[in-house]
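First comes the structure, then the notes that go with it.
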Number of protein chains: 2
Amino acid sequence: MVHYQARLDTTFAALSDITRRGVLERLGDSDASITDLAQRFRMTLTGMKKHVSVLEQAGLVTTEKVGRVRTCKLGPRRLEEEAAWIERHRQLWSARFDALDELVEHLKSKEKADAQRKRR
Amino acid sequence: MVHYQARLDTTFAALSDITRRGVLERLGDSDASITDLAQRFRMTLTGMKKHVSVLEQAGLVTTEKVGRVRTCKLGPRRLEEEAAWIERHRQLWSARFDALDELVEHLKSKEKADAQRKRR
DNA sequence: TTGATAGTGAACCATATGGTTCACTGTAGG
DNA sequence: CCTACAGTGAACCATATGGTTCACTATCAA
């Protein structure tokens, strides 16, 4: 819990790259080697290795090397905290929006009252 | 829809900074000027202005300058697409997990059957 | 008019990011 | 043993990021 904010930092940063999001989607389908991923995303082995490392650091992927090949699979983290943060933001947003709505309603009815007063 | 991926890029990047997440939370409470935010997060006006620009670029904040002061408020975007992406990932993750579960169950029952066969 | 206040933009700085090439290690297969 | 293959790490490069200072503009208030 202590590292909650740092964790959000690294996870959101990990998700901010289209290639890494693609890798996650690919691994949602089946496990894959670095070579598989590098080919799929038209990138050098070294480049893909870096992306995988970032995802691994964020806990979104785990890897295991047997023989020559390192197999990557979805990691232990399920983006719970990220989903929670976003959900909370949506709540706050709605609350603000509702408050604005109320204000508009209030102004409308006030306007109407003013108009009626003027009419008399 | 065309810019869906680019949008995810910029939004997740915007969310990957603790100061910017803080600003969003702060604005969920009430609107604020650049000066307010800069003080709250112990930063120069220029520095805070940059963060606000990033958030504005991502559609998470809107600003309006009247007189000297620029007022910032929560923007039109509610992280719908980000929430959807994350939710989808969680689904895929669960599907993979369930598949693994089934495999384990399968192996377990096979093992049991083998044991019984051996016992005879 | 004059001074303080709010923000802006350019320039600068250190560090991070996303990618490459190249040289290397370790393993697999004949 | 020999060759090919999978990955790794260091070095390098261009660009982006997160922050600052400084000089400037525009506005508010006395």
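What you see is a predicted model, and the numbers here were worked out from it, not measured in a lab. Letters go in sequence order (proteins before strands), and every chain restarts at 1.
Taking atom CZ on B/R21 and atom P on D/dG18, their separation rounds to 11 Å, with Å as the unit. The CZ-P distance, from A/F41 to C/dG19, rounds to 11 Å in whole Å. Following rounding to the nearest Å, A/H51 (NE2) and C/dT17 (C1') show an atom-to-atom distance of 9 Å. Look at CZ on A/R70: it is 18 Å from P on C/dT25, rounded to the nearest Å. Distance CG (A/L37) to C1' (D/dA6): 13 Å, rounded to an integer number of Å. Between the CD1 atom of B/I34 and the P atom of D/dT27 there is a distance of 17 Å, given to the nearest Å. Rounded to a whole Å, the NZ atom of B/K49 is 16 Å from the C1' atom of D/dT20. At whole-Å resolution of the value, CZ in A/R68 and P in D/dA6 are 6 Å apart.
Side-chain atoms of B/R20 come within 3.5 Å of backbone atoms of B/A13 as a donor-acceptor pair (strictly under, hydrogens ignored). Remark: side-chain polar atoms of B/W93 are not paired, donor with acceptor, to backbone N or O of A/P76 under 3.5 angstrom. Put simply, the side chain of A/R21 gets close to the backbone of B/Q5: a donor and an acceptor are under 3.5 Å apart.
Each of B/K65 and A/K50 has a nearest nucleotide on DNA chain C; the 5'-most of these lies closest to B/K65. If you find the closest nucleotide of DNA chain C to A/S16 and to A/V66, the one lying nearer the 5' end belongs to A/S16.
The base of C/dG19 has none of its N or O atoms less than 3.5 Å from a complementary donor or acceptor on the side chain of A/T44.
Proximity note for B/M43 (side chain, C-beta onward) versus D/dC22, C/dT20, D/dG19: the nearest is D/dG19. Here the nucleotide nearest the side chain of A/T46, chosen from C/dG18, D/dG9, D/dA6, is D/dG9. Side-chain proximity of A/D17 to the nucleotides D/dG18, C/dG18, C/dA28 is greatest for C/dG18.
Within 4.0 Å of A/S33, counting heavy atoms only, lie sugar-phosphate atoms of the nucleic acid but no base atom. Within 4.0 Å of A/G47, counting heavy atoms only, lies at least one base atom of the nucleic acid. Among the atoms of the strands shown, base atoms are found under 4.0 Å from some heavy atom of A/L45.
In this pair, A/W85 and A/F12 present their aromatic rings perpendicular. The plane angle is above 60°, beyond the 30 to 60° band.
No hydrogens or angles considered: nothing links the side chains of B/Q57 and B/T10 as a donor-acceptor pair under 3.5 Å.
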